[in-house]
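Presented below is the structure to which this report refers.
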2 protein chains.
Amino acid sequence: MGMAWMFFSIDADGDIPIYEQIVRQVKLAVADGILVGGQMVPSVRQLASDLAINSNTIARAYQELQSDHVLEPLRGRGMVVRRDAIKRCTKARNSLVAESVRRALADALAGGMTTAELRELFEAELDRQSARIEKAKHVSGNGNA
Amino acid sequence: MGMAWMFFSIDADGDIPIYEQIVRQVKLAVADGILVGGQMVPSVRQLASDLAINSNTIARAYQELQSDHVLEPLRGRGMVVRRDAIKRCTKARNSLVAESVRRALADALAGGMTTAELRELFEAELDRQSARIEKAKHVSGNGNA
DNA sequence: GCCGCTGTACCATGACACAGGTACACCGAA
DNA sequence: TTCGGTGTACCTGTGTCATGGTACAGCGGC
């Protein structure tokens, strides 16, 4: 049955390739602990059906995740999250975020934005999004307990 | 003569289109005050020659800058920075930085990064880059004063 | 064994963006 | 006018992305 993976949000019209969005969200889910080592991921065709996306696109994402040692293939049964994936994914997350922050600051300073403006913008957005996260946690409660 | 525009840094192998890099850097330069209203920008072929890039790529960037009301064409003479460009460019810079920060925070929080880690990363990178800026200002001195 | 599931490997197609190349219309100065 | 400069429009080639279709090999349950 599907629907256990509805936390995937795909933006087909965005500037990021679909398969890349899958890769990112899987890695972030592993880093966050939503996906645990040893856990099975939905089949290529299943996820393709749920997201209304071609199977080949999902397969490409899974291949990249396999190359990055996040997923492991169980011949004939499916793909499973590797036990040591959380370390790699946490590291990947840190690199991803660091790079984003680095670029944002580079653009800001190149454009003459002051450090005060920058801190204010950062704190405001952090408050907004962290509040959003807290509220989401509150709403979902314990869905599987 | 060229070389007055060598502060442009183009990464042809990056994931950002070349014309987009031109657009961004021009806007940031205007927002920072490096490019002033009424000032002429180098010709399409001149800049293309300096950066070893096709003229059409520069032309496309200039067209986008014209559409965004940053540059103004002087038929047969070249392109000039509009007087009211700095307002638009500052606003565009704020939007650009805000969007980058927004995405970075979204990825970080989705990956389970704590606000403390996030603040630490932000402050560290801010210190590093702002120090870099200060040093660059010190080296260049006052070139136009 | 047989069948249904799994991932995987191909090939072909259409759409789109990017960059390069060529040619044209316009303006200013000699 | 002639010439060199300007921006601009059109065409082409290339690469990526997403899709669709087909086929193969391995595993599990019947």
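Chain letters run A, B, ... following the sequence lines, proteins first, then strands; residues in each count from 1.
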Subject >> E20(B) with R24(B): basic N within carboxylate O range, under 4.0 Å >> reply: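 Result for this pair is yes, salt bridge flagged.
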Original post:
What residues form a ring-ring contact (aromatic ring centres under 6.0 Å, His included) with Y62(A), not counting sequence neighbours?
Top reply: none
Rounded interatomic separation in angstrom, taking [atom1] from [X] and [atom2] from [N]:
| X | N | atom1 | atom2 | answer |
| --- | --- | --- | --- | --- |
| M79(A) | dG26(D) | CE | P | 17 Å |
| L51(B) | dA19(C) | CG | P | 12 Å |
| L47(B) | dT6(D) | CG | P | 11 Å |
| R77(B) | dG28(C) | CZ | P | 7 Å |
| I58(A) | dG20(D) | CD1 | P | 12 Å |

Distance-only check: which donor-acceptor pairs under 3.5 Å involve side-chain atoms of residues 69-77 of chain A, not counting sequence neighbours?
residue, atom, partner, partner atom, Å
H69(A), ND1, S67(A), O, 3.3

Subject >> Proximity to DNA chain D (any heavy atom under 4.0 Å), residues of residues 61-75 of chain A only >> reply: R75(A)
Subject >> Most 5' of R45(B) and A59(A) on DNA chain C, judged by nearest nucleotide >> reply: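 With R45(B) and A59(A) compared, the 5'-side residue is A59(A).
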Original post:
What pairs meet the side chain to side chain donor-acceptor pair (under 3.5 Å) rule with one or both residues in residues 78-98 of chain B, with sequence neighbours excluded?
Top reply: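 For residues 78-98 of chain B: R82(B)-D84(B).
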**OP:** Give the other cluster members for L28(B), using side-chain heavy-atom distances under 4.5 Å between Ile, Leu, Val, Met, Phe, Trp and Tyr residues; answer none if it is isolated.
**Re:** none
Subject >> Contact under 4.0 Å: S43(B) side-chain N or O vs dT6(D) OP1/OP2 >> reply: yes
Subject >> Sequence-distant partners of R132(B), side chain to side chain contact (heavy atoms under 4.5 Å, CB included), two or more places apart >> reply: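 By the side chain to side chain contact (heavy atoms under 4.5 Å, CB included) rule, R132(B) matches no residue at all.
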Subject >> Sequence neighbours excluded - salt bridge (Lys or Arg N to Asp or Glu O under 4.0 Å) pairs with any residue from residues 26-47 of chain A >> reply: K27(A)-D68(A)
Extract from the structure each pairing of a protein N or O with an N or O of nucleotides 15-19 of chain D at less than 3.5 Å, listing the distance.
residue, atom, partner, partner atom, Å
dC17(D), OP1, Y19(A), OH, 3.3
dC17(D), OP2, R60(A), NH2, 2.8
dA18(D), OP1, I18(A), N, 2.2
dT19(D), OP2, N54(A), N, 3.4
dT19(D), OP2, T57(A), OG1, 2.9

Exercise answer: donor-acceptor pairs, residues 97-106 of chain B side-chain atoms, under 3.5 Å, sequence neighbours excluded:
residue, atom, partner, partner atom, Å
E99(B), OE1, R102(B), NE, 3.4
E99(B), OE2, R102(B), NH2, 3.4
S100(B), OG, L96(B), O, 3.2

